[in-house]
Amino acid sequence: MVSLKLTIIAMFATLTVAAPFPFPGPAPAPASTSTSISTSTASGTKPFSFSQWVDDILNPNVVALTPEQALEAYYQSINGTSTTTTTTTTTTTTTTTTDNSLSKRAGATCETNHSKRMPVADAVYIVNTMAAGGQTLVHMPERFCSESICHSPSGRSEMVGQKDCLRYVEEPSEYWARAGGLIMDACTWGDMSGGKMIMPANQYITVLLWGQGY
(Lines give C-alpha, C1' and ligand atoms only; values in the text may rest on other atoms or scores of the structure.)
Protein backbone atom coordinates (compact mmCIF):
# COMPACT_ATOMS: atom_id res chain seq x y z
CA MET A 1 0.00 0.00 0.00
CA VAL A 2 2.82 2.34 0.91
CA SER A 3 4.54 1.44 -2.36
CA LEU A 4 1.39 2.30 -4.40
CA LYS A 5 1.07 5.73 -2.74
CA LEU A 6 4.69 6.57 -3.48
CA THR A 7 4.18 5.61 -7.12
CA ILE A 8 1.13 7.93 -7.45
CA ILE A 9 2.97 10.81 -5.76
CA ALA A 10 5.90 10.36 -8.17
CA MET A 11 3.53 10.50 -11.19
CA PHE A 12 1.98 13.81 -10.04
CA ALA A 13 5.43 15.24 -9.45
CA THR A 14 6.39 14.37 -13.01
CA LEU A 15 3.26 16.02 -14.44
CA THR A 16 3.96 19.18 -12.46
CA VAL A 17 7.35 19.87 -14.03
CA ALA A 18 6.57 18.71 -17.59
CA ALA A 19 6.49 21.36 -20.37
CA PRO A 20 2.96 22.34 -21.48
CA PHE A 21 1.68 20.49 -24.54
CA PRO A 22 1.18 22.84 -27.49
CA PHE A 23 -2.33 23.54 -28.74
CA PRO A 24 -3.18 22.08 -32.16
CA GLY A 25 -3.02 24.44 -35.18
CA PRO A 26 -0.34 26.69 -36.67
CA ALA A 27 2.06 28.51 -34.40
CA PRO A 28 1.44 32.28 -34.13
CA ALA A 29 3.52 34.32 -36.55
CA PRO A 30 6.38 36.26 -35.01
CA ALA A 31 6.11 40.05 -35.01
CA SER A 32 7.27 41.47 -38.33
CA THR A 33 10.62 43.22 -38.22
CA SER A 34 11.22 43.46 -41.96
CA THR A 35 12.24 46.83 -43.34
CA SER A 36 12.39 48.29 -46.82
CA ILE A 37 15.52 50.20 -47.73
CA SER A 38 15.84 52.25 -50.91
CA THR A 39 19.30 53.26 -51.96
CA SER A 40 20.15 55.22 -55.10
CA THR A 41 23.65 55.05 -56.46
CA ALA A 42 24.34 57.19 -59.49
CA SER A 43 27.30 57.22 -61.81
CA GLY A 44 25.70 60.18 -63.54
CA THR A 45 22.74 62.56 -63.40
CA LYS A 46 19.27 61.88 -64.71
CA PRO A 47 19.05 63.18 -68.29
CA PHE A 48 17.42 66.58 -68.64
CA SER A 49 14.28 66.59 -70.76
CA PHE A 50 13.46 69.82 -72.57
CA SER A 51 9.99 68.55 -73.47
CA GLN A 52 9.27 67.87 -69.79
CA TRP A 53 10.52 71.34 -68.99
CA VAL A 54 8.01 72.77 -71.48
CA ASP A 55 5.25 70.73 -69.83
CA ASP A 56 6.31 72.17 -66.46
CA ILE A 57 6.15 75.72 -67.84
CA LEU A 58 2.64 75.10 -69.15
CA ASN A 59 1.45 73.47 -65.92
CA PRO A 60 0.07 76.15 -63.56
CA ASN A 61 0.63 73.84 -60.59
CA VAL A 62 4.37 73.50 -61.20
CA VAL A 63 7.10 76.02 -60.56
CA ALA A 64 9.23 75.46 -63.65
CA LEU A 65 12.93 76.11 -63.99
CA THR A 66 13.94 79.46 -65.43
CA PRO A 67 15.74 79.35 -68.81
CA GLU A 68 19.04 79.87 -67.01
CA GLN A 69 18.30 77.02 -64.60
CA ALA A 70 17.18 74.74 -67.43
CA LEU A 71 20.40 75.41 -69.30
CA GLU A 72 22.44 74.67 -66.18
CA ALA A 73 20.47 71.46 -65.56
CA TYR A 74 21.16 70.33 -69.13
CA TYR A 75 24.90 70.81 -68.82
CA GLN A 76 24.93 69.01 -65.48
CA SER A 77 23.04 66.07 -66.99
CA ILE A 78 25.38 65.51 -69.92
CA ASN A 79 28.30 64.96 -67.57
CA GLY A 80 26.88 61.54 -66.65
CA THR A 81 26.14 58.42 -68.66
CA SER A 82 23.78 56.37 -66.49
CA THR A 83 21.82 56.40 -63.27
CA THR A 84 21.40 53.17 -61.28
CA THR A 85 18.77 52.88 -58.57
CA THR A 86 18.71 49.84 -56.28
CA THR A 87 15.73 49.10 -54.03
CA THR A 88 16.35 46.44 -51.40
CA THR A 89 13.78 44.72 -49.18
CA THR A 90 14.08 41.68 -46.93
CA THR A 91 12.92 39.45 -49.76
CA THR A 92 13.65 41.14 -53.09
CA THR A 93 16.21 43.33 -54.78
CA THR A 94 15.35 45.32 -57.89
CA THR A 95 17.89 47.22 -59.93
CA THR A 96 17.10 49.56 -62.82
CA THR A 97 19.51 51.41 -65.04
CA THR A 98 18.58 54.44 -67.15
CA ASP A 99 20.62 55.51 -70.15
CA ASN A 100 21.51 59.16 -69.77
CA SER A 101 22.13 59.80 -73.45
CA LEU A 102 19.34 62.04 -74.76
CA SER A 103 16.50 59.84 -75.92
CA LYS A 104 15.81 60.08 -79.62
CA ARG A 105 12.18 60.95 -80.14
CA ALA A 106 10.40 59.36 -83.08
CA GLY A 107 9.56 61.85 -85.80
CA ALA A 108 12.40 64.28 -85.22
CA THR A 109 15.05 64.71 -87.92
CA CYS A 110 18.25 66.18 -86.54
CA GLU A 111 20.35 68.73 -88.38
CA THR A 112 23.91 67.41 -88.52
CA ASN A 113 25.40 70.33 -90.45
CA HIS A 114 27.06 72.42 -87.77
CA SER A 115 26.55 75.60 -89.79
CA LYS A 116 22.75 75.13 -89.56
CA ARG A 117 22.56 74.33 -85.85
CA MET A 118 22.13 76.78 -82.97
CA PRO A 119 23.59 77.17 -79.49
CA VAL A 120 21.59 75.36 -76.81
CA ALA A 121 21.09 78.70 -75.06
CA ASP A 122 19.33 80.10 -78.15
CA ALA A 123 17.08 77.04 -78.44
CA VAL A 124 16.17 77.32 -74.75
CA TYR A 125 15.30 81.00 -75.23
CA ILE A 126 13.09 80.28 -78.25
CA VAL A 127 11.24 77.35 -76.68
CA ASN A 128 10.68 79.27 -73.45
CA THR A 129 9.35 82.28 -75.40
CA MET A 130 6.87 80.11 -77.27
CA ALA A 131 5.77 78.35 -74.08
CA ALA A 132 5.19 81.74 -72.44
CA GLY A 133 2.79 82.55 -75.30
CA GLY A 134 0.40 79.89 -74.02
CA GLN A 135 -2.85 79.80 -75.98
CA THR A 136 -1.98 82.80 -78.16
CA LEU A 137 -2.52 81.70 -81.74
CA VAL A 138 0.35 81.72 -84.21
CA HIS A 139 -0.91 82.24 -87.77
CA MET A 140 0.62 81.17 -91.07
CA PRO A 141 -1.35 82.76 -93.94
CA GLU A 142 -1.92 81.00 -97.24
CA ARG A 143 0.71 82.87 -99.20
CA PHE A 144 3.51 81.77 -96.84
CA CYS A 145 5.23 78.42 -97.40
CA SER A 146 7.85 79.06 -94.72
CA GLU A 147 7.78 81.64 -91.94
CA SER A 148 10.01 82.62 -89.05
CA ILE A 149 8.02 82.19 -85.86
CA CYS A 150 10.51 83.28 -83.19
CA HIS A 151 14.08 84.68 -83.16
CA SER A 152 16.81 84.47 -80.56
CA PRO A 153 18.03 87.85 -79.21
CA SER A 154 21.00 87.70 -81.60
CA GLY A 155 18.72 87.09 -84.56
CA ARG A 156 20.97 84.24 -85.73
CA SER A 157 18.74 81.41 -84.48
CA GLU A 158 15.04 80.92 -85.08
CA MET A 159 12.04 78.66 -84.98
CA VAL A 160 10.59 78.26 -88.45
CA GLY A 161 7.24 76.91 -89.57
CA GLN A 162 6.79 75.22 -92.96
CA LYS A 163 3.55 74.19 -94.65
CA ASP A 164 1.71 73.85 -97.93
CA CYS A 165 1.72 77.32 -99.51
CA LEU A 166 -2.01 77.12 -100.26
CA ARG A 167 -3.05 76.21 -96.73
CA TYR A 168 -3.87 78.58 -93.89
CA VAL A 169 -2.88 77.21 -90.49
CA GLU A 170 -2.88 78.44 -86.91
CA GLU A 171 -1.98 76.76 -83.65
CA PRO A 172 -1.45 77.98 -80.08
CA SER A 173 2.04 79.14 -79.21
CA GLU A 174 2.38 76.35 -76.66
CA TYR A 175 2.04 73.71 -79.41
CA TRP A 176 5.08 75.19 -81.11
CA ALA A 177 6.92 75.10 -77.80
CA ARG A 178 6.06 71.42 -77.28
CA ALA A 179 7.41 70.58 -80.73
CA GLY A 180 10.55 72.58 -79.99
CA GLY A 181 11.09 70.70 -76.75
CA LEU A 182 10.80 67.35 -78.52
CA ILE A 183 13.28 68.46 -81.19
CA MET A 184 15.70 69.52 -78.48
CA ASP A 185 15.38 66.17 -76.68
CA ALA A 186 16.22 64.35 -79.89
CA CYS A 187 18.76 66.67 -81.47
CA THR A 188 20.75 68.38 -78.72
CA TRP A 189 24.31 67.29 -78.12
CA GLY A 190 27.27 69.21 -76.81
CA ASP A 191 26.64 72.94 -77.07
CA MET A 192 24.38 72.87 -80.12
CA SER A 193 20.86 71.90 -81.13
CA GLY A 194 18.84 71.85 -84.32
CA GLY A 195 16.39 69.75 -86.30
CA LYS A 196 12.81 69.49 -87.41
CA MET A 197 9.65 67.49 -86.90
CA ILE A 198 6.00 67.47 -87.88
CA MET A 199 4.03 69.21 -85.17
CA PRO A 200 2.28 66.50 -83.12
CA ALA A 201 -0.85 68.67 -82.89
CA ASN A 202 -1.04 69.45 -86.62
CA GLN A 203 0.39 67.22 -89.32
CA TYR A 204 0.29 70.06 -91.84
CA ILE A 205 2.98 72.03 -90.00
CA THR A 206 6.68 71.22 -89.88
CA VAL A 207 8.57 72.93 -87.06
CA LEU A 208 12.28 73.69 -87.43
CA LEU A 209 14.93 74.87 -85.02
CA TRP A 210 17.45 76.46 -87.37
CA GLY A 211 20.57 78.46 -86.68
CA GLN A 212 23.74 79.78 -88.27
CA GLY A 213 26.18 77.61 -86.37
CA TYR A 214 28.07 80.22 -84.39
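Residue numbers start at 1 and run along the sequence shown. Hydrogens, waters and symmetry mates play no part in the numbers below; they use all other heavy atoms, side chains included. If you're wondering where the values come from, they're calculated on a predicted model, not measured in any experiment.
- The side-chain heavy atoms of Leu137 and Pro172, taken from C-beta on, include a pair separated by under 4.5 Å.
- Under the 4.5 Å side-chain heavy-atom criterion for grouping Ile, Leu, Val, Met, Phe, Trp and Tyr, Val138 is connected to Val169 within one hydrophobic cluster.
- With Thr129 as the fixed residue, the side chain to side chain contact (heavy atoms under 4.5 Å, CB included) test singles out one of Pro153, Ser152, Cys150: Cys150.
- Shown here for Met159 and Met130, the closest heavy-atom pair between the two residues is SD-CG, 4.0 Å.
- Within the 3.5 Å criterion, the main-chain N or O of Val54 finds no donor-acceptor partner in the side chain of Arg178.
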Using residues 56-63 as the side-chain source, report each donor-acceptor pair under 3.5 Å to any protein atom, sequence neighbours left out, with the distance given to one decimal.
{"residue": "Asp56", "atom": "OD1", "partner": "Gln52", "partner atom": "NE2", "Å": "3.0"}
{"residue": "Asn59", "atom": "OD1", "partner": "Asn61", "partner atom": "N", "Å": "2.9"}

Using residues 190-200 as the side-chain source, report each donor-acceptor pair under 3.5 Å to any protein atom, sequence neighbours left out, with the distance given to one decimal.
{"residue": "Asp191", "atom": "OD1", "partner": "Tyr75", "partner atom": "OH", "Å": "3.0"}
{"residue": "Ser193", "atom": "OG", "partner": "Thr188", "partner atom": "OG1", "Å": "2.8"}

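- In the hydrophobic clustering (ILVMFWY side chains linked at under 4.5 Å, chained through shared members), Leu166 stands by itself.
- When all heavy atoms are compared, the tightest approach of Ala201 to Tyr175 is CB-CD2, 3.4 Å.
- Summarising the geometry, atom CG belonging to Leu182 is positioned 5.0 Å from atom OG belonging to Ser51; distances are rounded to the nearest 0.5 Å.
- Side-chain heavy atoms closer than 4.5 Å link hydrophobic residues (I, L, V, M, F, W, Y) into clusters, and following such links, even through other members, never connects Trp176 to Phe144.
- Contact record, Phe48 with Ala73: CD1-CB, 3.6 Å, taken as the closest heavy-atom pair.
- Gln162 CD to Met140 CE: the interatomic distance, rounded to the nearest 0.5 Å, is 8.0 Å.
- Considering CZ of Phe50 and CG of Leu71, their distance stands at 7.0 Å, rounded to 0.5 Å.
- Rounding to the nearest 0.5 Å places CD of Glu158 at 5.0 Å from NE2 of His151.
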Identify every side-chain donor-acceptor pair in residues 202-213 under 3.5 Å, counting partners at least two apart or on other chains, and give the distances.
{"residue": "Asn202", "atom": "OD1", "partner": "Tyr204", "partner atom": "N", "Å": "2.9"}
{"residue": "Asn202", "atom": "ND2", "partner": "Glu171", "partner atom": "OE2", "Å": "2.9"}

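- By the side-chain contact (heavy atoms from CB on, under 4.5 Å) test, Glu68 pairs with Thr66, sequence neighbours left out.
- The shortest distance between side-chain heavy atoms of Trp189 and Ile78 does not fall below 4.5 Å.
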Side-chain donor-acceptor pairs under 3.5 Å in residues 118-127, sequence neighbours left out?
{"residue": "Asp122", "atom": "OD1", "partner": "Tyr214", "partner atom": "OH", "Å": "3.4"}
{"residue": "Asp122", "atom": "OD2", "partner": "Ser157", "partner atom": "OG", "Å": "2.7"}
{"residue": "Asp122", "atom": "OD2", "partner": "Tyr214", "partner atom": "OH", "Å": "2.2"}

